[in-house]
Amino acid sequence: MLNSITIAIRTLFFLIFITGVFYPIVVTGFSERLFPFQSGGSLIRSNEKELLGSELLAQKFTKDEYFWPRPSAADFATVASGASNHSVTNASFKAKVEERKNYLLKKHPDQTSVPPDLLFASGSGLDPHISPASAYFQVQRVATARRLNSDQILELKKLLEQSTEKPSFGFIGEKRINVLRLNLNLNSKFGR
C-alpha cells in the first residue's frame with residue numbers, strides 16, 4: 001500500500017514538472033526562436049522604438065484624419081474585452097446601432113449607407129481589422145481632414161488596395177485591412 005502511494009506521488013510530481021515547467025519552457029523557447037514577432041505579441045514600434053500598439057488588438061482612433069476601427073462593446077479595454085451579449089431584438093442595442101449609424105452618416109455626408117462592421121462590435125470588441133468597404137467608406141473624411149488633393153486621394157485609394165489582406169490561406173475569412181497598420185502607413189505617406 002505504501003509503495004503504491006509513493007509511486008502515485010512521484011508520478012504526480014513528474015507530471016507537474018513535465019506539464020508545468022519543462023513543456024512551457026520548451027514551447028516558449030521554440031516560439032521565441034522561430035516566431036519572435038508573434039511570440040512577443042506582434043508589437044509595432046516606431047523607428048525610435050516607441051511602442052505604437054499590437055497589430056492583433058484594435059486601437060481607439062477617433063480623429064478625422066485617421067481611419068476608424070470597428071466599435072467596441074468594451075471601449076477597447078483589453079482586460080474587460082467582450083461582446084455586449086445583446087440580441088438584435090434588444091431595444092438598447094437597436095438604439096446604440098442607430099446612434100452609431102446616424103453619427104457615421106453625419107461624419108460621412110458623401111455616403112448613404114454604413115458597412116455593417118462599422119455598426120456592430122466584434123465578439124471580442126478588439127478586432128484590429130475592418131472590411132475594405134469600411135475603409136473606402138471613410139476615404140472622403142480622411143482626405144478632407146488631411147487636405148488631400150485629387151492626386152493624393154488616388155494615392156490614398158492605392159494605399160487601401162496595398163493594405164488589403166487576402167483571406168488566410170486564400171479561402172479562410174474575408175479580405176480585411178488592419179487599421180493600425182493602415183494609419184501608420186497613412187502617416188508615413190502623408191505626414192501627421
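Start at 1 with the first residue, then count along the sequence. All heavy atoms count here, side chains included; hydrogens, waters and symmetry mates do not.
Under 3.5 Å, the side chains of Thr28 and Arg33 contain no donor-acceptor pair of N or O atoms.
With a 4.5 Å cut-off on side-chain heavy atoms, Lys60 and Trp68 do not count as touching. By the 4.5 Å heavy-atom criterion applied to side chains, Arg146 and Tyr66 are counted as neighbours. Here the side chains of Arg45 and Leu52 are not in contact, with every heavy-atom distance at 4.5 Å or above. Counting heavy atoms from C-beta outward, Leu156 and Gln152 have side chains that stay 4.5 Å or more apart. Annotation: side chain of Asp64 is not in contact with side chain of Thr144 (no heavy-atom distance under 4.5 Å).
Under the 4.0 Å criterion applied to side-chain N and carboxylate O atoms, Asp117 and Arg70 are not assigned as salt-bridge partners. The existence of a salt bridge linking Glu165 and Lys175 is excluded, since no basic side-chain nitrogen approaches an acidic carboxylate oxygen closer than 4.0 Å.
When all heavy atoms are compared, the tightest approach of Ser122 to Asp127 is OG-CB, 3.3 Å. Nearest heavy atom pair, residue Ile130 against residue Ser134, reads CB-CB, 3.9 Å.
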### Query
Going through the distances and angles, do His129 and Val179 end up as a side-chain contact (heavy atoms from CB on, under 4.5 Å)?
CA-CA 6 Å; His129 298 97; Val179 179; over 6 Å; no
### Step-by-step side-chain contact (heavy atoms from CB on, under 4.5 Å) determination, Phe190 to Glu155
CA-CA 10 Å; Phe190 300 107; Glu155 288 180 46; 4.0 Å; yes
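The side-chain tip of Arg100 does not point at the ring of Phe120 from less than 6.0 angstrom away and within 45° of straight on.
With His108 as the partner, the ring-ring contact (aromatic ring centres under 6.0 Å, His included) test is satisfied by one option alone out of Phe137, Tyr136, Phe67: Phe137.
Between the CG atom of Leu119 and the OH atom of Tyr103 there is a distance of 13.5 Å, given to the nearest 0.5 Å. We find the CZ-CG distance between Phe37 and Leu43 to be 7.0 Å, quoted to the nearest 0.5 Å.
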